[in-house]
Amino acid sequence: MNLLFVASECTPFVKTGGLADVIGAVPKSLAATGTQVRVLIPCYPALAAVAAGGKSVMEFDDLFGGPARIIAAQADGLEMLLLEAPHLYDRPGSIYLGPDGRDWHDNDLRFAALSFAGAQIGIGCLGDWVPDVINAHDWQAGLVPAYLRQHDGLTPPVVMTIHNIAFQGVFDATRLSALRLNADMFTPEGVEYYGKISFLKAGLALASKITTVSPTYAAELLTPEFGMGLDGLLRARQADLHGILNGIDLDVWNPETDAAIVSTYSARALKGKAKNKAEIEARFGLTSGTGPLFCVVSRMTSQKGLDLLLECLPDLVGQGAKLALLGSGDPDLERAYIDASNSYSGSVGTIIGYDEDLSHLMQAGCDAILIPSRFEPCGLTQLYGLRYGTLPVVARTGGLADTVIDANEAARLADCATGFQFAPVTAHGLAHAISRCCNLYQNPKAWTATMRRAMRHPVGWDLSAAAYLDVYRSAQER
Ligand SMILES: Nc1ncnc2c1ncn2[C@@H]1O[C@H](COP(=O)(O)OP(=O)(O)O[C@H]2O[C@H](CO)[C@@H](O)[C@H](O)[C@H]2O)[C@@H](O)[C@H]1O
C-alpha cells in the first residue's frame, strides 16, 4: 500500500510536541508490513539541508502567493516530501508563532497550502507515485479532504487523525476564497464551523475514517467536556472513529543505547541510572534527598495541569522528594516555577526551554515523572518513563489511563503495577498520588520490582501499526 502522511512536524527534523514523534516513528513500523509511507511536511529552514540532498518532483507557479515545489528526499530512514514555499515557510523561529509570540498572521494560508499540496499528490500529480490512502494529521492537514472533494476525478480516501482536539484551525469565513475553497463548501457538512471556517472540522466531516491516539480519548471526545465543540460531529461519526494507542520509537528511546544520557542501563542492570540521577541533580541545582526525584518534561499550558502541581510543591518537598522541571509555554507558569525554584532552592529546579537531549537525560536520571494533565489524547512522556524505569504518576484521563497500571493493592498483589494514576484531576488528587509514590519509594525492593516491570511493559508501535493498517484498508473499501 502507498500511504501519504500530511503533517506539520516530524522528528528528528522539526518538533514542538508529540505529533512530531508520532510522524517520525509510524512510517518505520508500517514499512515492516510492506506499506510505503511518504511524509509531506513544509520545508522549514530546519529542513534546508535535507532538501539540498533531494530532488524536485513537482512545481507550483503560485501556491497561495508565491512559487513552490515539492522536493523528495530520504533522511533518517524516512521518505520525505518537502513542500518548499519560501513565502510561507522560510522564516526564523517557531514554526507556528511569530516573534511576538502570536500565531503567524497567515497560518491559514501556510497550512491550506500544505493540505492543497497533499491533495494534489492524492490526485496523482507526482506522476509515478500515487497514494492509496492519505493520513492527514491534526488541523494543519484538515483541508486535504476538502480540496479532494473539489476535484472531479478519482481521489484516494482520507483518514483524519486527531492528536489534540484543542487545536482546531479556526479562521474567519471571509477567508474562504483566499483559501481556494468553493462557496458550496461553506456548509455544516463541509468547512463551516459556527459561522467560521475550521480546518479540523472540515477534516472530521469529510474524511472517510477518523482516528485518535488512544481508546479512552476516543470515548472522551464524544462528550461535551472533552469534545470542545466537535463532540456532536464526532458522535454522528462514531462508527468511523477509532482510538489507536500511540507507541514510541524503541530505537530512539532506549536506555541501553541512548547517546544523550550519561550512563546506559537496562532492566536487568539498573546501576547506570544512578549516574544519570547525579547529573540531573547537578544540572538542576538539587541536593540528594530521602524521597524520589520527580521530573516534568512538558509544554507549559493549562492542558498539562502544571498549576495543580504548583499547589502540591510544599507537600512534595516536605516528604523529602525533589522536582526537576523542563518546559516552556505560559509565561505566568514559567515565572511561578522559577519562583518555586528560588523558594525551594535545592529541592525544586527549573529549566525553561526546549532541549531534546536533556529530556532523554531526565527520563534516564529521575525516579518518577509527573503528568497531571486535565486532558491527554495519548501522552508520550509516560511511555518514555515506562521504558526508562521512571515511574509515571498520571492523571486518569485519555491515553494516560490506557497506558499506566496503577499501583493499587490489587495490582500490587497481582504484580502488575507500573505507576500511579489519580482522579479526579485536582491538586488534592495529585498530592495523594505523589504521597503514594513517595511511600513506595521507601520500600526499595517493591520499587525496583515496579521499575523493572515498567521497563518491560510493551510500548512499541507493533500492535498499533497493525491497527492503523486495518483502518487504512477499511477506508479503501468505502
Ligand atoms: N521542554 C521540552 N524539551 C524537550 N522535549 C520536550 C519539552 N516539552 C515537551 N517535550 C517533548 O515533546 C513531546 C510531548 O509529547 P506529548 O505526547 O506528551 O504531548 P503533546 O501535547 O505535545 O502532544 C499531542 O500529540 C501527541 C501525539 O499524538 C499525544 O500523545 C498528546 O496526548 C497530544 O497532546 C515529548 O516527546 C516530550 O518529551
Side-chain angles (χ1 to χ4, degrees), residues 5 7-12 14-26 94-96 135-141 160-168 200 211-218 220-221 226 228 243-249 252-253 258 260-261 283-284 295-306 324-330 333-334 337 350-364 366 369-388 390 392 394-395 397-404 459 461 464 468:
F5 269 26
S8 57
E9 46 186 280
C10 175
T11 49
V14 58
K15 166 173 171 179
T16 71
L19 168 66
D21 289 346
V22 173
I23 302 303
V26 182
S94 157
I95 58 174
Y96 302 124
N135 192 168
H137 294 269
D138 270 355
W139 75 266
Q140 294 88 353
M160 183 77 223
T161 298
I162 306 167
H163 294 266
N164 193 337
I165 207 157
F167 304 108
Q168 303 185 347
L200 182 63
T211 68
T212 190
V213 291
S214 71
T216 293
Y217 193 57
E220 289 172 343
L221 283 175
F226 291 94
M228 299 190 177
I244 304 175
L245 208 53
N246 281 339
I248 65 173
D249 188 324
V252 175
W253 294 92
D258 195 331
I261 69 179
R283 296 268 286 267
F284 284 83
C295 70
V296 169
V297 180
S298 184
R299 293 187 292 112
M300 297 173 86
T301 63
S302 79
Q303 173 191 347
K304 303 295 182 178
L306 297 180
L325 179 141
L326 168 66
S328 60
D330 180 337
L333 274 176
E334 290 183 357
Y337 274 95
T350 299
I351 294 181
I352 299 298
Y354 189 93
D355 187 334
E356 189 72 21
D357 282 352
L358 181 55
S359 76
H360 282 243
L361 184 64
M362 291 173 78
Q363 294 284 3
C366 296
I369 181 160
L370 297 170
I371 312 171
S373 307
R374 293 193 164 84
F375 68 95
E376 196 58 77
C378 179
L380 296 173
T381 57
Q382 83 281 12
L383 302 180
Y384 303 143
L386 290 170
R387 180 111 164 112
Y388 282 67
T390 300
V394 303
T397 185
L400 300 174
D402 293 336
T403 50
V404 175
V459 288
W461 270 107
S464 298
Y468 270 105

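Hydrogens, waters and symmetry mates are skipped; everything else that's a heavy atom, side chains included, is used. Counting starts at 1 for both ligands and their atoms, in listed order. Quick note: residue numbers are just sequence positions, from 1.
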Winner among [options] once heavy atoms are compared against [atom]:
atom                    : options                : value
atom 12 (O) of ligand 1 : M362, H137, Q382, K15  : K15
atom 30 (O) of ligand 1 : G379, S373, S359, S214 : G379
atom 28 (O) of ligand 1 : E9, M300, H360, H163   : H163
atom 1 (N) of ligand 1  : S328, G353, G329       : G353

Using a strict cut-off of 4.0 Å, indicate which atoms of ligand 1 neighbour a heavy atom of [X].
X    : answer
L19  : 25 (O), 27 (C)
Q303 : 34 (O)
T381 : 18 (O), 35 (C), 37 (C), 38 (O)
N164 : 34 (O)
G327 : 1 (N)
V22  : 27 (C), 28 (O)
E376 : 31 (C), 32 (O), 33 (C), 34 (O)

Considering non-hydrogen atoms of the protein only, which is the closest contact for [atom], and what is the distance?
atom                    : answer
atom 36 (O) of ligand 1 : D21 OD2, 2.6 Å
atom 18 (O) of ligand 1 : L380 N, 3.3 Å
atom 8 (N) of ligand 1  : S298 C, 3.4 Å
atom 19 (O) of ligand 1 : K304 NZ, 3.1 Å
atom 6 (C) of ligand 1  : Y354 CE1, 3.3 Å
atom 21 (O) of ligand 1 : R299 NH2, 2.6 Å
atom 3 (N) of ligand 1  : D355 N, 3.0 Å
atom 14 (C) of ligand 1 : G18 N, 3.5 Å

- S8-Y96 side chain donor-acceptor pair, cut-off 3.5 Å: yes

- Query: Yes or no on side chain to side chain contact (heavy atoms under 4.5 Å, CB included) for F167 and L19, after CA distance, side-chain angles and deciding distance?
  - Reply: CA-CA 12 Å; F167 304 108; L19 168 66; over 6 Å; no

- Heavy atom of Y384 under 4.0 Å from ligand 1?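 Under 4.0 Å: yes for Y384.
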
- Message: For N246, which part has a heavy atom under 4.0 Å from ligand 1: side chain, backbone, both, or neither?
- Response: side chain

Is the shortest heavy-atom distance from the side chain of [X] to the side chain of [Y] under 4.5 Å?
X    : Y    : result
C10  : F5   : no
F284 : L358 : yes
D21  : K15  : yes

- Does S373 have any side-chain contact (heavy atoms from CB on, under 4.5 Å) partners at least two apart in sequence or in another chain, and if so, which? K304, I371, E376, L400

- Relative to each other, are the rings of H360 and W253 parallel, tilted or perpendicular (30° and 60° limits)? parallel

- Message: In terms of relative ring orientation, are H163 and H137 parallel, tilted or perpendicular, with 30° and 60° separating the classes?
- Response: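 It falls in the tilted class, 30° to 60°.
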
- Message: The criterion is side-chain hydrogen bond (donor to acceptor under 3.5 Å, both in side chains); which residues satisfy it with N246, sequence neighbours excluded?
- Response: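 Not a single residue meets the side-chain hydrogen bond (donor to acceptor under 3.5 Å, both in side chains) criterion with N246.
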
- Message: For a side chain to side chain contact (heavy atoms under 4.5 Å, CB included) check, start with the C-alpha distance between I165 and F226, then their side-chain angles and the critical distance, and finish with the verdict.
- Response: CA-CA 8 Å; I165 207 157; F226 291 94; over 6 Å; no

- Message: What's the separation between atom CD in E9 and atom CD1 in I95, rounded to the nearest 0.5 Å?
- Response: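 Going from CD on E9 over to CD1 on I95, the span is 4.5 Å.
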
- Query: Quick one: which of T161, L221, N164 gives a side-chain contact (heavy atoms from CB on, under 4.5 Å) with T212?
  - Reply: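 It is L221, the one option of T161, L221, N164 that forms the side-chain contact (heavy atoms from CB on, under 4.5 Å) with T212.
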
- Please report the shortest heavy-atom distance between G329 and E334, naming the atom on each side. N-OE2, 2.8 Å

- Message: Can you confirm, on distance only, whether ligand 1 has an N/O atom lying under 3.5 Å from any N/O atom belonging to C378?
- Response: yes

